[in-house]
Protein chains: 2
Amino acid sequence: MRLSREIFITETIKLLEEQGYHGTSTRSILNACGAQRGSLYHFFPDGKEELVVEAIQVQANVTANVMQAMFQECDTAEEAVFELMNAMAERGEANNFCVGAPVAAIAQESATTNHQLRIACRDAYRQLTDVIKEKLIADGIPQSKARSIAISVTATIEGAILLSRTEQTGAPLRDAAVSMYKLIEASK
Amino acid sequence: MRLSREIFITETIKLLEEQGYHGTSTRSILNACGAQRGSLYHFFPDGKEELVVEAIQVQANVTANVMQAMFQECDTAEEAVFELMNAMAERGEANNFCVGAPVAAIAQESATTNHQLRIACRDAYRQLTDVIKEKLIADGIPQSKARSIAISVTATIEGAILLSRTEQTGAPLRDAAVSMYKLIEASK
DNA sequence: GTCTATATAGAGATAGAC
DNA sequence: GTCTATCTCTATATAGAC
């Protein structure tokens, strides 16, 4: 089969979402791609770590773009965040929560044990936080306040995905959506 | 050495906190306990999974007790949550964020792949959410509202721990503490 | 660029002596 | 209850033919 870095990255993101870093073997990645071992090390000479770091970066870009597109449709920042979180709840319910927070699992596992991965996760979160922050600023909230709220919203989203996955229902994401709406509204 | 189930559980919690489920080998647990392989399977015939399930339960109980004790010292619910989250920021900074959310890492990894672990994590979160809910109710917030806010707060705490670990600073936890204070205050 | 075979290490678990 | 030896499986990575 004609392979490419892109195919590896796409399949890796999916598996990371479900199983995290240690839980995702290069074997299962190879399997998902229909590739042989040699190809992986041809495209990613530094192996699994290199592949996962790139997967995190690609995933962050994709998510940031989706969020930005969604935010443009919403007048206020509280609406934007509310819509985003409800969309996540729906997406999760449609997929039995097999998809979720690809970065979160890696971040938890690697925060204190793998520098490269930690940095990749950190930068991914900064990118997503910035998208939220910009929407808050565009909505008239002063910069330093916007920064603090954006971090809180990012935290809440990640935690709510975790709870929704654990409960196997979108309820936590929907509850948290309401709370974030109120929080942003009250901060104006 | 004279061993016990308790020693295994205590050491396992510590390792899970840093490395998650797949990242924590039974070998490293044995090492930390100064135990031999046979002892583990003597105390926990079903092996790693049984041990980890118990570790999650014990950890949930300990955390719930700490929270309850802390909450008793605080007049209002918003104060209580604020104090808790700031205490977590401090604790993290004192430990280079090597400690954190033992349940979160396992929950992420096992949500879609291991039923027993998922249930243990789910119950752990329900227990912690209940502690927060009771404080909100005691503070005069009606039950259904209290439930929804408690879930949001739990989500935010878990997410903020994740961000703090990733950034290696307590800032996200402190930002989120302020936000949760505002959220609860505005919900009265 | 793709394939197979292999190297090396580590995983979780079991059996049975003491 | 503890220890050691061992089983089986799987992990990541490499080498070299094609």
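Per chain, numbering begins at 1; letters A, B, ... match sequence-line order.
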Practice problem: Applying side-chain hydrogen bond (donor to acceptor under 3.5 Å, both in side chains), name anything that partners A/Glu17, two or more places apart in sequence or on another chain. | Solution: none

Quiz item: Listed by chain and number, what are the side-chain hydrogen bond (donor to acceptor under 3.5 Å, both in side chains) partners of A/Ser39, not counting sequence neighbours?
Solution: none

Quiz item: At what angle, to 10 degrees, do the two end axes of the helix from C/dG1-D/dC18 to C/dC18-D/dG1 meet, given five pairs define each axis?
Solution: 0°

Quiz prompt | Near-strand residues of residues 107-116 of chain A, defined as heavy-atom separation under 4.0 angstrom from DNA chain C | solution = none

Quiz item: Rounding to a whole Å, what distance do you find between B/His42:NE2 and D/dT4:C1'?
Solution: 17 Å

Quiz item: Can you list the residues that meet the ring-ring contact (aromatic ring centres under 6.0 Å, His included) rule with B/Phe71, with sequence neighbours excluded?
Solution: none

Quiz item: Base, backbone or nothing for each nucleotide of nucleotides 11-18 of chain C, written B, S, -, heavy atoms under 4.0 angstrom, 5' to 3'?
Solution: BBBB----

Practice problem: Measure from CD on A/Gln19 to P on D/dT10 and round the result to the nearest Å. | Solution: 14 Å

Practice problem: For B/Thr26, check side-chain hydrogen bond (donor to acceptor under 3.5 Å, both in side chains) against everything at least two apart and list the hits. | Solution: B/Arg37

Self-check item: For B/Thr12, side-chain contact (heavy atoms from CB on, under 4.5 Å) partners two or more places apart
Solution: B/Leu16, B/Ile29, B/Leu51, B/Val52, B/Ala55

Practice problem: Go through the structure and list residues passing side-chain hydrogen bond (donor to acceptor under 3.5 Å, both in side chains) with B/Gln36, not counting sequence neighbours. | Solution: none

Quiz prompt | side-chain hydrogen bond (donor to acceptor under 3.5 Å, both in side chains) contacts touching residues 93-105 of chain B (sequence neighbours left out) | solution = B/Glu93-B/Arg174

Practice problem: Provide the closest heavy-atom pair for A/Thr166 versus B/Cys121 in the form atom of the first, atom of the second, distance. | Solution: CG2-C, 3.8 Å

Quiz prompt | B/Asp139 side, atom CG; B/Asp75 side, atom CG - distance, nearest 0.5 Å | solution = 9.0 Å

Quiz item: Residues two or more places apart in sequence or in another chain: which of them pass side-chain contact (heavy atoms from CB on, under 4.5 Å) with A/Lys182?
Solution: A/Val178, B/Lys145, B/Leu183, B/Ser187

Quiz item: Of all residues at least two apart in sequence or in a different chain, which pass the salt bridge (charged side-chain N to carboxylate O under 4.0 Å, His left out) check with A/Glu79?
Solution: none

Self-check item: Whole angstrom value for the distance that separates C1' of D/dT2 from CZ of B/Phe8
Solution: 10 Å

Quiz prompt | Distance in angstrom units between A/Phe44 CZ and D/dT12 P, rounded | solution = 15 Å

Practice problem: In whole angstrom, give the distance that lies between atom CD of A/Glu50 and atom C1' of D/dT12. | Solution: 14 Å

